[in-house]
There are 2 protein chains.
Amino acid sequence: MADRATPLLHRDDPSKDPLVGHVKVTRDDWLNVARDVLVSDGVADVKVLALGQRLEVSRSSFYWYFKSRKHLLEALLDGWEDRNTQTIIDACALPAPSIGAAVCNFFRCFLDPDLFDQGLDFAVREWSRRDGRVRQRIDAADQTRLAAVTEMFQRFGYPPSDADTRARILYFMQLGYHALELREPMDSRLERIEGYLRGFTGKEPDPRAVAALRSFVKDLGDR
Amino acid sequence: MADRATPLLHRDDPSKDPLVGHVKVTRDDWLNVARDVLVSDGVADVKVLALGQRLEVSRSSFYWYFKSRKHLLEALLDGWEDRNTQTIIDACALPAPSIGAAVCNFFRCFLDPDLFDQGLDFAVREWSRRDGRVRQRIDAADQTRLAAVTEMFQRFGYPPSDADTRARILYFMQLGYHALELREPMDSRLERIEGYLRGFTGKEPDPRAVAALRSFVKDLGDR
DNA sequence: TCCCGTCTAGACATCTCTGTCCGGACTCCG
DNA sequence: CGGAGTCCGGACAGAGATGTCTAGACGGGA
């Protein structure tokens, strides 16, 4: 024992750390930090050393949880697919009394950042431009999502080609909205959505569906 | 003289090179290759070694033309600004008999990839998300472009606030269109533009302006 | 108390990219 | 012919990132 007499904790000052209470870093911690960096800085900046510094832990810890950086990126993609694509599929498969209510269900998962993470979706889309395998996964995800939306319209009696067209417009519109990074107040966004409902269903929006959407948004604002 | 008896040219087989005829690599060659990589792979992949390999030249040549990689990126930004922002400014300042013809001038520079490079604009916009200084430059460029479009509407009698609104819709719409990476046939794109003309000018499109735009597009297709 | 599984620090080799330096080939021009 | 200027290849050092290895701290169970 020479100069180091305080080997107790590997974290000097846990109070100023966002993970107060944790003494150990979990695999999910690595994944969450990696996801944050992916969204804010892009995949090129997802570096083991940088993630470790943010977690105030050395790189060695990383290699306990992940075989390599490549495996981390793979896990990141799996999480993205589980979260975003599955959310859309679930929303489209939800039972609904009318097509208007069904479209409302579709919009709901985009309104709640806990359900669909648009920043992550955008980051993966950007990542795909530079990685063929990611490109394949996101292309497949787009196909899967579109198929789910198309099936939703078909379930309410729209003929296949019509359902396909409406699904594409609906899905692409959401992509474009997020791509522009508009920051619109929730109220005017709701009004726009009601306008969309008329366009996609071809009739006046179901008042009960609109009311449900409004209360859903209100809950989002309250919490 | 040991094993190398053919020191004549530094390029083994100039025939299969895109720069046939060039024996020397120019500063513009480096810039062009760098721009291509920036557009297709992002700024992180703009590496001196990779650019040199594509030019079939060693990195030493690079440091003859550029002080450092940072200076190359700076030159890339200067070229982007000279080309894209200046193109919009010039198009908006062009004399026109009516606001409809003026808006046609605006659309023209987006239809011709030699005037406005949308891939480059998109790549720089993406780069700006990870570099504060680039972010400042692109924010300033957006302001400058919007001011030019606003001035165009004001020149034709629109009151300032109205001109500002129309300019924003017009400019943001172009951004969104390119962001979605739609590949629409030129014919249907022209029809859409005529529809926009009604919206932005509030009256039927100037037939002469539309005819000029059509012949401009035809020239683009012919060459 | 002691041992074992869990988790991390630090040292190390390796790779990639950057930037510098030197020398040589080529061109132009006197 | 020859010297200066232009341009490039190759070697070198340094920084930073990845992945491996070993020793050791911690906690829980026999």
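Numbers restart at 1 for each chain; the letters A, B, ... are given by sequence-line order, proteins then strands.
Protein atom CG of A:Leu51 is 15 Å distant from nucleotide atom C1' of D:dG16, rounded to whole Å. Here the P atom of nucleotide C:dG19 and the CZ atom of B:Phe66 are 13 Å apart, to the nearest Å. Rounded to an integer number of Å, the gap from OH of A:Tyr63 to P of D:dA23 is 21 Å. The CG-P distance, from A:Leu49 to C:dA11, rounds to 14 Å in whole Å. Atom NZ of A:Lys47 and atom C1' of D:dG16 are 8 Å apart (whole Å). Summarising the geometry, the separation between CZ on A:Arg69 and C1' on D:dA17 is reported as 9 Å, rounded to the nearest angstrom. Remark: P of C:dT8 and CZ of A:Arg27 are 13 Å apart, rounded to the nearest angstrom. Atom-to-atom, CG of A:Leu55 to P of C:dC7 comes out at 15 Å; the value is rounded to the nearest Å.
Distance CH2/A:Trp30 to CZ/A:Arg54: 11.5 Å, rounded to 0.5 Å. Summarising the geometry, atom CG belonging to B:Leu31 is positioned 9.5 Å from atom CZ belonging to B:Arg35; distances are rounded to the nearest 0.5 Å.
For A:Arg133 and A:Glu74, the salt-bridge test passes: some basic side-chain N is under 4.0 Å from an acidic carboxylate O. A salt bridge links B:Arg83 to B:Asp117: one of the charged nitrogens lies within less than 4.0 Å of a carboxylate oxygen.
Residues B:Lys70 and A:Phe62 each lie close to DNA chain C; by heavy-atom proximity, the contact nearer the 5' end of the strand is made by A:Phe62. When the nearest nucleotides of DNA chain D are assigned to A:Val48 and A:Ser60 by heavy-atom distance, the more 5′-ward of the two goes with A:Val48.
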Margin query: Assess the residue pair A:Asp29 and A:Thr26 against the criterion (side-chain hydrogen bond (donor to acceptor under 3.5 Å, both in side chains)); give the C-alpha distance rounded to whole Å, side-chain angles, the decisive distance to 0.1 Å, and a yes or no.
Written below: CA-CA 5 Å; A:Asp29 289 333; A:Thr26 69; 3.3 Å; yes
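Between the side chain of B:Ser68 and the base of C:dG19, no donor-acceptor pair of N or O atoms lies under 3.5 Å. Contact of B:Arg59 with C:dG19 (side chain to base): a donor-acceptor pair of N or O atoms is detected under 3.5 Å.
One finds no side-chain N or O of A:Trp64 lying less than 4.0 angstrom from the OP1 or OP2 phosphate oxygen of C:dT8. The side chain of B:Ser58 contributes an N or O atom lying less than 4.0 Å from OP1 or OP2 of D:dG9.
Within 4.0 Å of A:Ser61, counting heavy atoms only, lie sugar-phosphate atoms of the nucleic acid but no base atom.
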